[in-house]
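See structure below.
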Number of protein chains: 2
Amino acid sequence: MTRLSDRKKKILSAVIEEYIASAEPVGSKLLAEKAGLRVSSATIRNELSELTSLGYLAQPHTSAGRVPTAAGYRLYVNELMEQPDLSREEAARIDSSLAGKAQGHEQMLDDAGRLAADLTDYPALTLSSQGSDTVRRFDLIHVDANTFIIVLLLSSNQVKNKLVHLPFSVEEAQLRRLSAVMNANFCGVGEAEITGERIYAAERAIDDRMGLTAVVAGFTIETLSQSHGARAAISGGAKLLRQPEFQDPAKAHSLMDYLSDAAHLSELPCDGFDCAGGTDVKVLIGPENVAEELRDSSVILAKYDAGDGMQGVIGVVGPTRMDYSKVAAKLSYIAAGLSRALAGNAGNALPGFGKLMLTEKKEKSDS
Amino acid sequence: MTRLSDRKKKILSAVIEEYIASAEPVGSKLLAEKAGLRVSSATIRNELSELTSLGYLAQPHTSAGRVPTAAGYRLYVNELMEQPDLSREEAARIDSSLAGKAQGHEQMLDDAGRLAADLTDYPALTLSSQGSDTVRRFDLIHVDANTFIIVLLLSSNQVKNKLVHLPFSVEEAQLRRLSAVMNANFCGVGEAEITGERIYAAERAIDDRMGLTAVVAGFTIETLSQSHGARAAISGGAKLLRQPEFQDPAKAHSLMDYLSDAAHLSELPCDGFDCAGGTDVKVLIGPENVAEELRDSSVILAKYDAGDGMQGVIGVVGPTRMDYSKVAAKLSYIAAGLSRALAGNAGNALPGFGKLMLTEKKEKSDS
DNA sequence: TGCTGGCACTCTTATCTTTCGAGTGCTAAT
DNA sequence: ATTAGCACTCGAAAGATAAGAGTGCCAGCA
């Protein structure tokens, strides 16, 4: 289908790149000067005219320059654009930002989102659609007569906890029995299979009359369902306002409002990552988006791997006029780094860790 | 100083309330009709003129109505406005929103922020300037030969954890010794006092040659410093764009950018809560703000108590033209609810908790 | 056949005027 | 002290004009 002459391709690319940079319709004259083609503006006009009737370009009004259509962007992204390598500095910045601290999953994601927003100057979104998690190990810590802590080690290597205050007292031995029965019955068990019956059975097995089993099981279900349902977040929303296409407050507001609802973000299609040069990057251009609010924006998503089969997505939202190549490269690199950091979680540089913290601390108390 | 005739007060209030509602300069004619005063517009013009020269009102240009100045708002907030009670529905909504789940400190705060933003239609900010926390109890859970979990119970009743992978193996007995020495030496100790020497001493006490003590101490320091430094967050930033005063994207952008940096939020003055009718609400009007970016906005803050001496602030940011009374009432109510939920953390309705979770779960799997 | 210069035409954007109206301040009368 | 009346000011909206950018097409040329 795509039987475009080399010259047409070149011109289309030039139009898109120029438009990405200037946000203004680009005309034949400019093209004749800037693009490396050694032809006159009249020739270019003819080509532009054809590209327009092919549906790759459009003109806002009769006497304006050309603007890429969604189809134009699509073609550009799929076939025309070249994926640039990141500059050393940028790569280094990403590396250091991600390598900084080995914190929890969520904080890491948040940081990555902020980083992506900073680097691309577009709002960044992160969603971890971590598959179905299970508990690998239960621990109950007896604090005092009425208090204990539930500690769950999940198969995704996350640790979750909850402090429980009781209106009655409980003994350490009881907790030991309880944790034993939880470990025996609910390790590796998915959220859906933690049924009332099984809880009841466990309850009876240790003769638990105070409903402690149900408390622990309840927290487990809550935790699993929470990490099962995709967590979504957005950062750097204010950056939208920098884009000329969002000078109209109504537009900006509609999009920002849409984005700030995590429920909407989770609806983004997180499968079918194969386009854009083999890397795990996906580009949704304007009307390709299902959500009405995203129809004149584009979304670029990169998949990362969180180890243990879990995966998530980090991406940015911007006007259709985005520097797809640069943004895709950055996101891809960030996603890769994230995968490394999360999957290779085991590789905490342990020696010297304590010292590191100490020196950091010193600096802080100075300031 | 404030020797205003009753009529002037009434007029000033009327101007402010009208302006709050309409966002447009208000003139003498409208006032003559709406305000309950039985005088003509000419009389009101005279009064307006005086209020203007007193500095409480200003006119954008010679032939426009009057607009309140910061001083006008201040007077209104301090003396004129009446604190309305919340409607039953609103109170109920806040109660149910806060009582919903008894989660962690941070999540609770996030939820409260979202609630405040939704209820007031202004961006909400939350900051927990939790004083200096200490560890109340250390636990180390042995997972497998190379892995253990650090569990810290803080004096604020928060529980923090970290999964540690080791490049060498460690025995359960070692961990027991380590936790004993940590508990003995670092319970109730502030971040600043966890010095290298003390860590070294502890290390020697249990003959720890692998630096495990440092690892645990490092995490402790990290945790304490993190919860010591105020955590700040913002939600509902998009709502700003709804306000007429932020139709100019540049203004909106400047403020939103400012707000999205947590570091800036923490700089808000969180002391001196005494104005506005005895409740713990503080109003910063326009130029009263130190930050340049907040100079033509107002901030309303309400203090909440997180138990154990810790406290935080929840508030909203909006144009100086804010419905101070309503917003203050809402924030105050939310803050009170938050205090109750956090301080009275002990009062988890325990019986039936497990069942509750189960039914919730059922609903989810249905959809 | 394909490219180029030239030229008339179109349509937006910016700028400048004009008009309209709301609101004021002042004065004279009650 | 309050009010009615009136001239005046000034911004916002509407209309008019001018400028400029870009197109499409045609005729001539390799």
Side-chain angles (χ1 to χ4, degrees), chain A residues 3-12 14-19 21-69 72 244-245 247-249, chain B residues 3-12 14-16 18-19 21-69 72 244-245 247-248:
Chain A
R3 282 277 96 79
L4 287 187
S5 70
D6 270 9
R7 194 168 67 185
K8 279 206 181 58
K9 287 185 186 172
K10 231 173 188 167
I11 292 180
L12 181 55
V15 171
I16 293 181
E17 275 153 27
E18 196 57 39
Y19 184 65
S22 73
E24 266 163 29
V26 10
S28 54
K29 200 175 170 185
L30 186 74
L31 247 23
E33 291 165 6
K34 280 223 172 179
L37 306 174
R38 317 191 135 276
V39 289
S40 79
S41 70
T43 311
I44 293 192
R45 271 205 290 284
N46 287 329
E47 297 282 50
L48 287 179
S49 178
E50 289 182 46
L51 284 170
T52 304
S53 52
L54 285 172
Y56 296 122
L57 295 177
Q59 35 191 173
H61 44 265
T62 330
S63 85
R66 297 314 206 282
V67 160
T69 62
E245 23 272 286
Q247 289 308 86
D248 174 11
Chain B
R3 280 279 95 79
L4 287 186
S5 70
D6 270 9
R7 196 170 64 187
K8 279 207 181 56
K9 287 184 187 173
K10 232 175 186 164
I11 291 180
L12 181 56
V15 171
I16 291 181
E18 196 55 40
Y19 185 65
S22 73
E24 265 161 33
V26 10
S28 56
K29 200 176 170 186
L30 185 74
L31 246 25
E33 291 164 7
K34 281 224 173 180
L37 307 172
R38 319 193 132 276
V39 290
S40 79
S41 68
T43 311
I44 293 193
R45 271 205 289 286
N46 288 330
E47 297 282 51
L48 286 180
S49 178
E50 288 182 48
L51 283 169
T52 303
S53 54
L54 284 172
Y56 296 122
L57 294 177
Q59 31 190 347
H61 44 265
T62 331
S63 83
R66 299 311 208 281
V67 160
T69 62
E245 22 273 288
Q247 289 309 86
D248 176 10

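Convention: sequence-line order gives letters A, B, ...; per-chain numbering from 1.
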Nearest heavy-atom neighbours spanning A:A32 and A:V39: CB-O, 4.1 Å
Please write out each protein N/O paired with an N/O of nucleotides 9-12 of chain C under 3.5 Å, distance rounded to 0.1 Å.
| from | atom 1 | to | atom 2 | distance (Å) |
| --- | --- | --- | --- | --- |
| C:dT10 | O2 | A:S63 | OG | 3.2 |
| C:dC11 | O2 | A:S63 | OG | 3.2 |

Closest contact, heavy atoms only, A:T52 versus A:R66: OG1-NE, 2.8 Å
Atom CG of B:L48 to atom P of C:dA22: distance rounded to whole Å? 18 Å
Intermediate values then yes/no, side chain to side chain contact (heavy atoms under 4.5 Å, CB included), A:L51 and A:K8: CA-CA 7 Å; A:L51 284 170; A:K8 279 206 181 58; 3.9 Å; yes
At a heavy-atom distance below 4.0 Å, what parts of residues 22-32 of chain B sit against DNA chain D? none
Passes side chain to side chain contact (heavy atoms under 4.5 Å, CB included), A:L37 versus A:K10? Steps please. CA-CA 8 Å; A:L37 306 174; A:K10 231 173 188 167; 3.5 Å; yes
For B:Q59 and C:dG25, is the shortest distance between a side-chain N/O and OP1 or OP2 below 4.0 Å? yes
How long is the straight-line distance from CD of A:E17 back to CG of A:L12, given to the nearest 0.5 Å? 9.5 Å
Minimal non-hydrogen separation, B:A14 against B:L31, with atom names: CB-CD1, 4.1 Å
Output the distance between atom CD (A:Q59) and atom OG (A:S49), rounded to the nearest 0.5 Å. 8.0 Å
Audit row: A:V15, A:Y56, side chain to side chain contact (heavy atoms under 4.5 Å, CB included) steps and yes/no: CA-CA 10 Å; A:V15 171; A:Y56 296 122; over 6 Å; no
Euclidean distance, A:I11 CD1 relative to A:I16 CD1, rounded to 0.5 Å: 12.5 Å
Locate the shortest heavy-atom distance separating A:P68 from A:Y19; write the atom from each residue and the value. CD-CD2, 3.4 Å
Hey, mind stepping through B:V67 and B:V26 against side chain to side chain contact (heavy atoms under 4.5 Å, CB included) and telling me if it holds? CA-CA 7 Å; B:V67 160; B:V26 10; over 6 Å; no
To the nearest angstrom, the CG-P distance between B:L57 and C:dG23 comes to 15 Å
Measure the distance from CD on A:E18 to P on D:dG22 and round it to the nearest whole Å. 11 Å
Under 4.0 angstrom between B:R66 side-chain N/O and C:dG25 OP1 or OP2: yes
Reading nucleotides 1-6 of chain D from the 5' end, what letters show protein touch, with B for base, S for backbone sugar-phosphate only, - for no heavy atom under 4.0 Å? -SBBB-
